[in-house]
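Numbers restart at 1 for each chain; the letters A, B, ... are given by sequence-line order, proteins then strands.
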Amino acid sequence: MELVEESPYRFRIDRHDPMRVPGVVFASRSLLPDAGEDRSLEQVANVATLPGIVDASYAMPDVHWGYGFPIGGVAATDVARGGVVSPGGVGFDISCGVRLLAADLDRDGLRSRLDALLDGLGEATPRGMGRGAVWHLSNRAELDAVLRGGSRYAVERGFGVQRDLARCEDAGAVADADPARVSERAIERGAGQVGSLGSGNHFLEVQAVEEVYDDAVATAFGLRPGQVCVMIHCGSRGLGHQICTDHVRKMEKVMARHGIHVPDRQLACAPVSSAEGRAYLGAMAAAANYARANRQLLADAARRVFARVTGSRLDLVYDVSHNLAKIETHAVDGARRALCVHRKGATRALPPGHDELPDDLRDVGQPVLIPGSMGTGSYVLTGVPGSPAFASTCHGAGRVQSRRQAVRAERGLDPRAQLEAQDVAVRGASRRGLAEEMPAAYKDVSAVVAAAEGAGLCRRVARLVPLGVVKG
DNA sequence: ATGTTC
């Protein structure tokens, strides 16, 4: 894969047939994937062949190999010009994302109660493969209300406050969810998992604000140095996974009929305006609402534990997805166009002044939440005006080792002891699960964030460090 | 990521 260095944080893959647009990779030289180990840059070029794609197939600094699209990929297609939507451009964990809450408590004030707090959070947070959830919905009507209402429905039911919704992407629920496009099998898988963390890289962490880079923006976000926070990273569990599987299969069958040919069958797609495209978007929106309700319920459970153990309140800073496709209006060649923006392992980053921001964030931009790898720091960023890639930035550290490689690297070592030696307490999680998520399996999140800022995608606001982690 | 290979 030939890369042309355009600037210190921007590389180009020149367009060659059958690419419709070039590829653009935002990264430093040292963050670029190793072609021998990771074929994600080939995936960037493959995405550039999709019908209706505009500008470029983009990769964020945390790019790595994924299903069809790379993780850390952004691609927008022009809806009115045959643009497609591809489930692989969203990923299996639809609307996986991050929620950050800030306590009215400083880390010094928490020290003596941290163990009790983590015990309480560990007990109150359903986690792991399958099993357990805050809600178990046995009837389809109530699950449909979750799929339509997302965090709004959870708040209506008493699991949160109105102010939370102002600090959620889409005010807590994506419009145009169509539960009728969600299979019975997906419903069955999701019914018992509403309000559960899952496993893998998902977590609930107690963190502290270690460093603030912009006082005014941090203050507007509700963050100050030394403050205790809770970060929740999870998604749509088995429901989103099943929806992705179902709709990839349907699209594989009809792609030829739509005259679409792709270099990798994992890029299965259909025109946004086709029946199959609309069906996927309706089901995807339902899964997105499920993921938002999921984070709302876990946050509510964490609030109850915080109140009981510390007497402290938790205020929502923001909730944002990093696996989603959205119909958005952007300028293309000087004209406003309706685009289907796929962000897979990429976070929307609205700049100051954007009309989708709540009033109290209008002047500072959208909080962008970047979870680091387990036991390392996390970041809060904000959007910047005139950024490339349709107001998107990175989503995390980005894997450099496969799960299998990570487990092998930890053989004979004790991952829990290593974390505790770094003063990070752990609740839950299998030994294998921890081994898969050790920092050595990931890029350096600070380098990723620095490259994203250097590329003009976002700006740093604060860095958070972990005090304790609850894992699946 | 995932009832971890329908």
In whole angstrom, give the distance that lies between atom NE2 of His202(A) and atom P of dT2(B).
5 Å

Report which part of the nucleic acid Gly200(A) touches: base, sugar-phosphate, or nothing (heavy-atom distance under 4.0 Å, all strands).
sugar-phosphate

Categorize Gly238(A) for me: base, sugar-phosphate, or nothing, with a 4.0 angstrom heavy-atom threshold over every strand shown.
sugar-phosphate

Taking the side chain as C-beta and beyond, is there a heavy-atom pair between Thr382(A) and Cys458(A) under 4.5 Å?
no

May I have the distance from Arg432(A) (atom CZ) to dT2(B) (atom P), rounded to whole angstrom?
15 Å

Taking only N and O in the side chain of Thr245(A), is any of them less than 4.0 Å away from OP1 or OP2 of dC6(B)?
no

Nucleotide dT2(B), atom P - distance to CD1 of Ile94(A) in whole Å
12 Å

Provide, to the nearest angstrom, the distance between the CE atom belonging to Met129(A) and the P atom belonging to dT5(B).
9 Å

ring-ring contact (aromatic ring centres under 6.0 Å, His included): which pairs involve residues 401-434 of chain A, sequence neighbours left out?
none

State whether a side-chain donor-acceptor pair under 3.5 Å links Glu356(A) with His354(A).
no

Side-chain N or O of Arg403(A) closer than 4.0 Å to phosphate OP1/OP2 of dT4(B):
no

dT2(B) P sits how many Å from Ile71(A) CD1, rounded?
13 Å

May I have the distance from Tyr290(A) (atom OH) to dT2(B) (atom P), rounded to whole angstrom?
10 Å

Which residue, Arg249(A) or Leu197(A), contacts DNA chain B at a nucleotide closer to its 5' end, judged by nearest heavy atom?
Leu197(A)

Nucleotide dT4(B), atom P - distance to CD of Gln242(A) in whole Å:
11 Å

Indicate, with a heavy-atom threshold strictly under 4.0 Å, whether Glu188(A) touches base, sugar-phosphate, or nothing.
nothing

Sequence neighbours excluded, which residues qualify as side-chain hydrogen bond (donor to acceptor under 3.5 Å, both in side chains) partners of His258(A)?
Glu276(A)

Do Gln242(A) and Ser183(A) have side-chain N/O donor and acceptor atoms under 3.5 Å apart?
no

Tell me: CD of Glu436(A) to P of dT2(B), nearest whole Å?
11 Å

